[in-house]
There are 2 protein chains.
Amino acid sequence: MKRDSRLSIVLHGLLHMQAQGKPMTSAELALCMDTNPVVVRRTMAGLRENGLVSSEKGHGGGWTIARPLAGISLLDIHESLGEPDVVGFSNKDESPGCLIERAVNRELDAAMDEMRAVFTARMRAITLADIWDSVREPFNAHHNYRKDHPDDA
Amino acid sequence: MKRDSRLSIVLHGLLHMQAQGKPMTSAELALCMDTNPVVVRRTMAGLRENGLVSSEKGHGGGWTIARPLAGISLLDIHESLGEPDVVGFSNKDESPGCLIERAVNRELDAAMDEMRAVFTARMRAITLADIWDSVREPFNAHHNYRKDHPDDA
DNA sequence: CTATCATGAAACAAATAAAGTTACATGAAA
DNA sequence: TTTCATGTAACTTTATTTGTTTCATGATAG
């Protein structure tokens with residue numbers, strides 16, 4: 001366990017929810033995603049706060065996507081996870097007195113900012129609908145049949 | 001201790017070596033950089049293997065930059081550190097069977113690749129000489145005096 | 001009503017990796 | 001031959017992510 005894989009986990013789960021077409025429990029999602037029900041709840045909690053998904057208790061409860069797929073960008077999801085830093089390195093000291101270290105920080109900060117900008121731009125441009133379509137493309141090409149998918153209703 | 005800050009550490013050290021104009025011991029560098037002599041040796045080791053710096057034992061020993069500053073790019077240094085991944089997130093499973101997860105990985109991999117490309121391009125374009133110049137600029141502007149720096153000899 | 005199911009949340013344990021530290025061997029210079 | 005400095009291995013500390021246990025809360029079925 002090293003790098004943050006929550007974005008990967010959440011996206012995987014959301015698209016399984018879409019494929020299912022009805023509420024999925026944390027336990028079901030955890031099975032799909034090879035993880036733990038508590039991890040699912042913990043990770044989905046931020047998305048619920050931002051209105052991307054909703055959750056219901058009791059019989060027939062579970063998780064549901066609360067908005068059209070085309071209205072949920074990967075950036076929305078990233079922000080719902082608390083915007084963890086997507087850059088894997090950092091300066092040793094963020095506000096040093098040493099002029100040399102400040103000059104080093106300036107260069108590295110510029111690189112980090114550009115990396116973050118590239119990430120943000122991409123995540124803003126991609127919606128869940130885009131990924132969902134890319135999942136269904138090979139299937140449709142093979143079977144030439146699309147009626148049994150929930151979003152075709 | 002969270003993110004990898006070795007690049008920051010090494011750059012800081014190299015420019016202090018440049019400022020000093022003579023070999024600096026690991027202990028001296030560690031003081032400048034608020035770290036430990038062993039950390040300095042460990043971090044500089046990769047740079048020595050790649051011929052960017054040299055080290056000498058015994059009296060008067062220490063670390064020296066082995067090439068002109070303009071011939072050392074930040075990418076050279078990054079590679080000498082073993083090319084640690086500069087992206088701070090990852091896929092949960094790199095080669096999953098699930099088609100949905102594969103589609104998710106495709107999107108995130110594309111974003112990660114673009115971030116790495118941006119980083120690499122920037123690091124390739126910047127040399128130690130560039131940063132060294134940016135350190136001296138404010139000094140020169142203030143004092144209008146440049147003769148006491150080793151690289152002006 | 002109550003038994004069951006599912007989320008909510010807190011607390012704790014395991015895994016990983018960077019950085020710090022200790023200890024000692026090696027080799028060069030005074 | 002003493003001192004200084006690197007080379008290296010082993011261990012500890014700290015930070016972060018993920019996994020796990022436990023129990024409270026609330027909703028539905030019967």
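A note on names: the letters A, B, ... follow the listed sequences, proteins ahead of strands, and every chain is numbered from 1.
Ion pairing between a basic and an acidic side chain is recognised when a charged N comes within 4.0 Å of a carboxylate O; B:R116 and B:D113 show such pairing.
Looking at B:M24 and B:H16, their side chains come closer than 4.5 Å, going by heavy atoms from C-beta outward.
Checked against A:M112 for a side chain to side chain contact (heavy atoms under 4.5 Å, CB included), the options A:D85, A:N105, A:N91 give a single hit: A:N91.
Here the C1' atom of nucleotide C:dT16 and the CG atom of B:D85 are 15 Å apart, to the nearest Å. In this structure, the NZ atom of B:K22 is 15 Å from the C1' atom of D:dA5, given to the nearest Å. In this structure, the CD atom of A:E56 is 13 Å from the C1' atom of C:dG8, given to the nearest Å. Computed from coordinates, the A:L31 CG to C:dA6 P distance equals 13 Å when rounded to whole Å. Atom CZ in A:R3 sits roughly 15 Å away from atom C1' in C:dA15 (whole-Å rounding). What separates CG of B:N91 from C1' of D:dT18 is a distance of 16 Å, to the nearest Å. What separates CG of A:L7 from C1' of D:dT18 is a distance of 16 Å, to the nearest Å. Computed from coordinates, the B:M44 CE to C:dA19 C1' distance equals 16 Å when rounded to whole Å.
Among the protein residues, B:R6 comes within range of the sugar-phosphate backbone only, with heavy atoms under 4.0 Å from sugar or phosphate atoms but none that close to a base. The residue B:N36 sits close to a base: some heavy atom pair falls under 4.0 Å. The residue A:G60 sits apart from the nucleic acid: no heavy atom pair falls under 4.0 Å.
Between B:S5 and C:dA18, a side-chain N or O to OP1/OP2 separation shorter than 4.0 Å is absent. Side-chain N/O atoms of A:S55 include none lying less than 4.0 angstrom from OP1 or OP2 on C:dA6. For B:K57 and C:dA30, the shortest distance from a side-chain N or O to OP1 or OP2 is not below 4.0 Å. Phosphate proximity of D:dG7 to B:R41: absent, as no side-chain N or O sits under 4.0 Å from OP1 or OP2. Phosphate contact (OP1/OP2 of C:dA6, side-chain N/O of A:S26, threshold under 4.0 Å): absent. Considering only side-chain N and O atoms, B:T25 lies nowhere under 4.0 angstrom from the phosphate OP1 or OP2 of D:dC4. Residue B:R42 places no side-chain N or O under 4.0 Å from the OP1 or OP2 atom of D:dT6.
Considering every non-hydrogen atom in both B:L69 and B:T127, the closest pair reads O-CB, 3.7 Å. In terms of heavy atoms, B:I100 sits closest to A:A19 at CD1-CB, 4.3 Å. Between A:I126 and B:E107, the closest heavy-atom pair is CD1-OE1, 3.1 Å.
Pair assignment for C:dA6: D:dT25, on the basis of Watson-Crick or G-U wobble contacts that are both within less than 3.5 Å.
Residue order along DNA chain D, read from the 5' end via each residue's closest nucleotide, puts B:R48 first among A:T35 and B:R48. Closest-nucleotide positions on DNA chain D for B:H59 and B:W63 were compared, and the one nearer the 5' end corresponds to B:H59.
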